[in-house]
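Chain naming here is simple, since letters A, B, ... match the order of the sequence lines and numbering starts at 1 in each.
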Amino acid sequence: MSKYTFRSIEEKWQNYWAQNQTFAAKNDAVGQPKFYVLDMFPYPSGAGLHVGHPLGYIASDIYARYKRHKGFNVLHPQGYDSFGLPAEQYAIQTGQHPSKTTQENIARYREQLDRMGFSFDWQREVRTSNPDYYRWTQWIFIQLYDSWYDTVQDKARSISDLIAIFEQAGSGALNEDLNAVLMQNLPEELTSFNAEQWQGFTPEQKETILSEFRLTYLAESEVNWCPALGTVLANDEIVNGVSERGGHPVVRKKMKQWSMRITAYAQRLLDGLENIDWPEPLKESQRHWIGRSQGASVRFDIKGHQGQIEVFTTRPDTIFGVSFLTLAPEHELVAALTTPEHKEAVEAYVTASAQRSERERMADVKTISGVFTGAYAIHPLSGVQLPIWIGDYVLAGYGTGAVMAVPCGDQRDFDFAKHFDLPIPNIFKDISIENEAYALKDPCIIDQSDFLSGLNYAQACLAAIKALEDCGHGHGTINYRLRDAVFSRQRYWGEPFPVYYKNGMPQMIDPEHLPIVLPEVDAYLPTEDGDPPLGRADQWAWDTEAHCVVAKELIDNKTVFPLELNTMPGWAGSSWYFFRYMDPNNQSEFASAQALDYWGSVDLYIGGSEHATGHLLYSRFWVKFLFDRGFIGVDEPFKKLINQGMILGESAFVYRSADGKQLVSAGRIKDYDAQILQSVHCDVAMVSLTNELDLEQFVAWRPEYNSAEVITEADGTFKVKREVEKMSKSKFNVVNPDDICDQYGADTLRLYEMFLGPLEQSKPWSTAGITGVHGFLKKLWKLYHSGDVESFCVSEQRPSSDALKVLHKTIKKVNADIQEFSFNTSVSTFMIAANELTALKSNQREILEPLAVLIAPYAPHIAEELWALMGHKQSIAAVAYPEHDEKYLVEATKTYPISFNGKTRFTLELAMDLSKEQIEAAVMADERTIAQLQGGTPKKVIVVPGKIVNIVG
RNA sequence: GCAGAAGUGGUGGAAUUGGUAGACACGCUGGACUUAAAAUCCAGUGGACAGAAAUGUCCGUACGGGUUCAAGUCCCGUCUUCUGUACCA
């Protein structure tokens with residue numbers, strides 16, 4: 001009866017927690033502090049969970065349980081990021097509806113998660129593909145569409161405010177930044193208008209202007225289009241200019257797509273990083289992604305031409321070092337500028353670089369290429385004529401797609417100038433630019449630069465900007481690398497847009513008629529015309545009278561209109577899900593003000609670092625937007641973030657000869673020419689802990705080796721070679737947590753995953769050490785049991801001071817460890833405690849009750865069982881976490897009374913813990929120090945066994 | 001190239017943040033129990049040298065310097081490995 005039967009214990013308590021709603025969070029806990037612990041929710045893939053997935057969940061669960069013991073009202077929910085590509089790919093191949101696949105996968109995930117004893121509040125589960133959920137994703141989209149960013153108040157406001165401004169005062173009421181927006185993309189007649197002119201614009205003209213301000217807008221943007229596959233590909237789906245799957249050619253194609261104006265928030269996204277507790281590397285990569293650089297915008301007039309070329313530079317101090325301009329091949333002025341005699345060469349160059357993929361261009365940085373346009377720009381300060389070149393080292397996507405080339409100060413400009421034999425004026429005093437450009441800003445003086453000569457970098461920048469502003473050819477500015485985010489996907493399995501088109505203009509559907517539910521289609525592929533999969537839906541038109549989705553054939557462009565065919569990207573649903581957990585069943589709002597106010601932001605967020613510039617940036621953007629518009633009260637979603645490391649797999653390789661006729665054991669490969677041997681993955685399930693392969697199983701799995709000659713080790717075994725790789729189905733190195741739970745139990749799995757090493761570090765999975773952790777749990781169990789029959793036995797006697805010391809030492813360490821997220825060392829601490837208490841044969845209630853609570857966050861099942869055996873009726877989850885008492889830890893203090901020569905007493909503060917005997921021996925042994933000791937009471941005495949090293953004070 | 005993190009026994013990893021390096025665990029070796037195996041328990045386990053033994057001495061935290069009574073920890077330089085990112089003007 002009383003062996004540690006983990007299977008039945010774990011099942012019992014998992015059922016108990018589910019039935020009693022032990023971990024339900026309250027939205028109205030008066031007077032109780034709240035704590036919100038969140039995991040990055042998973043995409044439910046068909047492969048199920050492997051042992052790497054739970055690592056972060058175990059850590060967050062320990063913390064959540066710990067906080068409950070500490071008296072917090074803890075919100076610890078879980079859900080699914082259930083829109084996504086794999087389910088759609090599977091649908092394309094099999095015709096099975098992605099929603100069915102997704103539901104099956106979720107069921108499997110849930111089963112696996114339940115076995116590990118997580119304290120999730122499942123009442124609050126959310127799924128991004130659920131219409132009740134994406135209804136609010138659509139709602140947020142509409143709010144973004146109905147908003148603009150006011151750079152004066154530095155926040156998003158309703159678009160109706162902007163319309164009111166235009167109606168009252170026209171575009172003149174806008175500040176400089178906002179006016180610049182008007183100048184950028186609009187036809188000239190719309191760039192400046194007064195109130196009457198605004199009133200006179202057609203609705204289309206008004207909309208064209210407004211869409212320059214809306215936080216989500218339709219724009220022509222470039223995509224990677226693969227005609228053969230009939231779909232758009234992401235950058236990482238393209239390898240060497242052809243599609244990863246099938247190797248079909250990919251072209252860049254402009255398509256009308258929704259974009260998110262995240263650039264409006266660039267500065268605030270940067271500033272916000274200062275106030276959140278995130279790992280520095282992750283903040284660093286967000287900073288880099290946002291890529292703020294300060295400099296100047298300079299406009300060059302063009303000889304014999306109307307327009308201007310605008311460039312961005314971080315070095316306005318080098319303005320007199322400019323010897324030519326370079327445009328990106330895609331620059332809009334290229335065609336207009338090029339003189340007839342250079343037309344042919346320029347066109348050839350532009351076509352050639354258009355055919356090179358972006359990746360190719362980036363990879364190939366060494367080759368210098370370019371072509372002269374025949375046109376000249378006028379230097380705004382000196383009036384000198386500067387040749388205008390085209391070069392593909394200038395990127396269309398950064399800055400203005402044009403640079404002022406300063407060969408003496410920039411290595412790329414220098415190389416370009418050398419290659420095409422362009423002048424390289426030196427504007428740095430006493431610095432040689434014979435062989436390379438001088439790119440440093442600091443210890444140099446500007447020379448040969450008119451009024452800038454003699455100034456240093458900072459002075460020259462200010463003076464140059466002032467001069468440019470005075471002559472109307474530039475101004476100081478800040479440039480960001482961050483681009484607006486394309487928000488349309490030509491896919492089926494994503495949120496439909498709440499948008500229909502009236503005369504080609506997008507219209508939002510009234511939020512009260514949401515959700516717009518994903519329609520049925522006959523296949524999950526694009527249409528023959530290249531429309532996205534939603535183009536196949538029959539029921540896909542909007543009836544503006546009945547306010548519902550109707551059949552496409554009813555479209556009459558009077559009351560029934562076509563709906564948007566794109567869907568939203570994966571990050572749409574994941575950018576706000578953490579708010580939905582607060583009030584998951586709300587039918588009238590995405591969450592109630594009361595719930596949002598109570599829970600605020602996520603106190604602790606645990607997940608992988610791969611989301612640094614995706615999910616974690618977009619979420620911050622949406623949260624700041626929702627904050628601006630007054631829907632929520634916080635402007636950062638995640639106060640503290642921890643990246644758990646990845647658990648890697650240990651792949652196993654079998655060596656075979658190239659013709660497959662021989663299999664060679666790992667220890668014998670040195671006898672063979674390495675050239676002719678190949679390694680192939682084999683399933684780790686067929687390999688023992690000593691790397692021995694079960695050949696029978698292997699041959700059954702791979703019958704092609706049925707007749708192969710097997711070269712074994714001397715002892716007749718066949719060994720594989722191990723290598724650490726990412727865990728993946730295709731590498732046959734996946735370890736399923738279910739198997740571990742079957743063999744050792746969930747508590748062992750939880751402790752072992754923590755024991756493997758620091759949470760934030762990546763580490764290979766190896767089952768080798770798991771028996772140690774399992775043995776510890778058995779030892780713990782035995783502490784509460786006695787005798788040969790191992791019956792439950794806890795003594796009511798007072799424990800010894802040694803036992804109390806062990807307990808309080810453990811309490812102190814574990815409390816400190818949890819607060820620092822060093823879960824690995826607290827597992828060791830538990831093991832030490834169990835060893836010491838076993839040695840002391842200490843089984844008193846006063847020791848064993850706190851011990852059970854202490855371990856409950858880590859190994860909740862066994863803790864609950866022991867707690868119940870000790871006669872408690874309520875779950876251990878509600879018990880206060882033990883606090884240590886210093887009085888049991890006397891030896892940890894560093895103050896010792898010392899007497900020698902029979903009479904004198906001193907109180908010494910020591911640099912390390914030593915016994916009284918050791919200190920006295922040291923004092924007596926060191927005659928040199930006795931005089932010093934007699935002179936007063938030293939502050940600090942450095943003692944190592946046997947001698948005193950130093951006395952301070 | 002740039003940025004960030006790291007380098008400790010056969011292995012995973014500890015080290016109170018400057019105080020006896022190698023906790024804890026795996027593995028290995030020996031022992032107890034057993035007909036035997038498994039399980040369990042006990043002991044040993046960084047290296048070298050000396051000793052029958054307890055024990056002692058020296059060397060040891062990637063490498064080379066430095067600061068300090070004292071350095072895995074702090075400073076300078078070098079090497080290596082990961083992880084991002086990249087013609088960013």
Just name whichever nucleotide pairs with [N], Watson-Crick or G-U, keeping both distances under 3.5 Å, else none.
N     : value
B/G7  : B/C79
B/G72 : none
B/G51 : none
B/G44 : B/C28

Is there a donor in the side chain of [X] and an acceptor in the side chain of [Y], or the other way round, less than 3.5 Å apart?
X      : Y      : answer
A/D415 : A/Q411 : yes
A/D413 : A/Y393 : yes
A/Q286 : A/T613 : no

Say we look at B/G46 and B/G9: how far apart would their C1' atoms be, to the nearest angstrom?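 Those two atoms are separated by 5 Å.
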Mind calculating the distance between [atom1] ([X]) and [atom2] ([N]) to the nearest angstrom?
X      : N     : atom1 : atom2 : value
A/D317 : B/A89 : CG    : P     : 13 Å
A/L751 : B/C26 : CG    : C1'   : 16 Å
A/E436 : B/C87 : CD    : P     : 20 Å
A/I832 : B/U16 : CD1   : P     : 14 Å
A/D415 : B/A89 : CG    : P     : 16 Å

Options B/C88, B/C24, B/A14, nucleotide nearest the side-chain atoms of A/T825: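 In terms of side-chain proximity for A/T825, the closest of B/C88, B/C24, B/A14 is B/A14.
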Which listed nucleotide (B/C24, B/A3, B/A89) is nearest to the side chain of A/M831?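 In terms of side-chain proximity for A/M831, the closest of B/C24, B/A3, B/A89 is B/C24.
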Look at all strands and tell whether A/N835 reaches a base, only sugar-phosphate, or nothing, counting heavy atoms closer than 4.0 Å.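 Sugar-phosphate: the residue A/N835, judged by heavy atoms under 4.0 Å, touches backbone atoms but no base.
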Show the distances under 3.5 angstrom between N or O atoms of the protein and N or O atoms of nucleotides 5-13 of chain B.
unit_1 : atom_1 : unit_2 : atom_2 : d
B/G12  : O2'    : A/L756 : O      : 2.7
B/G13  : OP1    : A/Q761 : NE2    : 2.7

Below 3.5 Å between N/O atoms, which protein atoms pair up with nucleotides 37-41 of chain B? Just atom names and distances, please.
unit_1 : atom_1 : unit_2 : atom_2 : d
B/U40  : OP1    : A/K778 : NZ     : 3.4

For nucleotides 30-34 of chain B, list the nitrogen or oxygen atoms of the protein found under 3.5 Å from its nitrogen or oxygen atoms, one pair per line.
none

Ring-ring centroid check A/F324 A/F416, cutoff 6.0 Å: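 Yes: the rings meet the under 6.0 Å criterion.
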